[in-house]
Amino acid sequence: MNYEGVREAAEWLMQQTMYRPAIAVVLGSGLGDLVNEMDEKDVIPYAQIPGFPVSDVAGHADQLVFGTIGGREVVAMQGRFHYYEGFTMKQLTFPIFVLRQLGVKSLIVTNACGGINENFAPGDLMLITDHINLLGNNPLIGPNDERFGPRFPDMSEVYDRRLVKHAKDMARSLSIEVKEGVYALFPGPCYETAAEIRAYKILGADAVGMSTVPEATVAKYLGMNVLGIACITNMATGISKTKHSHAEVLAIANASSKRFCCLVGGILKNWPDLNA
Ligand code: HPA
């Protein structure tokens with residue numbers, strides 16, 4: 001990753017907004033409503049930000065939204081980038097490098113995904129406890145700039161256990177049911193075959209999707225605290241009796257959006273002191 005390019009984007013953003021949030025949220029497909037909970041917003045389209053990629057997937061607004069939730073400063077990525085769109089791993093994680101340069105310390109990554117664990121049902125929210133990268137690619141491949149992070153970053157706790165506990169506590173106090181599980185990254189854009197899902201299940205995956213892992217990997221490398229929240233929008237191929245469609249994914253994500261926003265709002269408002 002080009003340090004100067006990251007600095008340029010961060011410095012440009014600092015001229016556009018007075019916000020200096022410590023927390024960022026990446027909003028997955030159909031989960032963009034969280035920005036409606038934000039006050040006093042500064043909205044910056046990706047297309048204006050130096051070096052930012054631009055996506056063309058339905059359900060993504062493609063903008064950075066700065067503001068407050070419950071008085072706490074946050075920045076939301078409304079729309080993210082996927083490997084299946086043809087972006088390189090470096091391109092699609094560029095925003096995470098920029099957010100870190102802006103001073104963001106913690107990242108909440110969210111997504112819509114397919115359920116493999118048969119105790120799950122469409123509409124469930126799952127806290128990500130770990131991931132499996134089945135892509136055969138990694139955003140950190142290439143020369144390493146030590147100003148960002150170490151050459152061989154540890155990945156034993158990508159998803160911060162304190163944040164998983166905090167999210168569980170918040171869910172309980174808001175009477176929102178949450179599941180927990182391992183998220184497997186599949187490249188897409190086609191949905192998986194039934195045989196692939198059977199294989200992932202044996203490998204230990206509870207859910208499968210086409211995002212999140214690159215951003216979470218980079219965030220961890222950059223020293224950020226990561227929380228992952230997945231919305232199960234359908235049961236995965238072979239488990240589901242019906243064929244998949246992106247419209248179905250968006251419809252279920254939209255239907256879960258109120259619970260999702262309520263949970264993320266609660267998590268943000270009561271954010272724990274991670275330095276204690
Ligand atoms: N597989 C992969 N990605 C997905 C799915 C799925 O079943 N549902 C939503 N995103």
Side-chain angles (χ1 to χ4, degrees), residues 25-34 55-62 77-87 89 92-93 108-137 139 159 178-217 228-261 263-264:
V25 189
V26 180
L27 296 170
S29 300
L31 300 172
D33 284 352
L34 189 78
S55 156
D56 61 358
V57 182
H60 289 273
D62 273 353
M77 276 187 70
Q78 200 180 16
R80 64 136 64 80
F81 307 101
H82 304 86
Y83 194 57
Y84 62 73
E85 292 174 84
F87 294 115
M89 290 292 241
L92 71 94
T93 55
I108 304 178
V109 260
T110 71
N111 63 58
C113 67
I116 296 179
N117 185 324
E118 299 199 32
N119 294 321
F120 295 176
D124 278 354
L125 299 177
M126 182 190 93
L127 303 174
I128 304 176
T129 53
D130 207 345
H131 70 225
I132 304 175
N133 180 356
L134 291 160
L135 218 57
N137 200 345
Y159 303 90
V178 286
K179 303 285 202 311
E180 284 177 63
V182 173
Y183 176 93
L185 171 67
F186 183 79
C190 50
Y191 291 98
E192 304 72 27
T193 66
E196 283 165 340
I197 294 300
R198 283 196 299 275
Y200 298 172
K201 186 172 186 170
I202 292 166
L203 290 177
D206 295 294
V208 62
M210 306 174 193
S211 68
T212 300
V213 171
E215 294 115 316
T217 303
I229 307 176
C231 176
I232 310 288
T233 52
N234 55 278
M235 294 312 287
T237 316
I239 301 170
S240 166
K241 301 285 167 272
T242 56
K243 294 194 169 154
H244 304 308
S245 77
H246 189 54
E248 171 205 23
V249 166
L250 290 182
I252 297 288
N254 281 321
S256 308
S257 165
K258 215 169 146 215
R259 258 179 313 127
F260 167 81
C261 291
L263 177 61
V264 176

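Each residue takes its place number in the sequence, starting with 1. All ligand and atom numbering here is 1-based and tracks the order in the structure. Just so we're clear, the structure is a prediction, and the values are computed from it rather than from any experiment.
Side-chain contact of Y83 with N137: a donor-acceptor pair under 3.5 Å is present, judged by distance alone.
In summary, E118 and K201 engage in a salt bridge, as defined by a charged side-chain N under 4.0 Å from a carboxylate O.
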For side-chain hydrogen bond (donor to acceptor under 3.5 Å, both in side chains), just list the numbers for T212 and N111, CA-CA rounded to whole Å, side-chain angles, deciding distance to a tenth of an Å, and then say yes or no.
-> CA-CA 7 Å; T212 300; N111 63 58; 2.8 Å; yes
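Between E192 and V208 the shortest side-chain heavy-atom distance falls below 4.5 Å.
The residues lining ligand 1, counting any heavy atom closer than 4.0 Å, are A112, C113, G114, Y191, E192, V208, G209, M210, T233, N234, V249.
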Tabulate below the donor-acceptor pairs under 3.5 Å that side-chain atoms of residues 253-261 make, not counting sequence neighbours, or state none.
residue: N254; atom: ND2; partner: L250; partner atom: O; Å: 3.0
residue: S256; atom: OG; partner: I252; partner atom: O; Å: 2.9
residue: S257; atom: OG; partner: D33; partner atom: OD2; Å: 3.0
residue: R259; atom: NH1; partner: G123; partner atom: O; Å: 3.1
residue: R259; atom: NH2; partner: G123; partner atom: O; Å: 2.8

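Here OG1 of T237 is found 9.0 Å from OH of Y191. Values are rounded to the nearest 0.5 Å.
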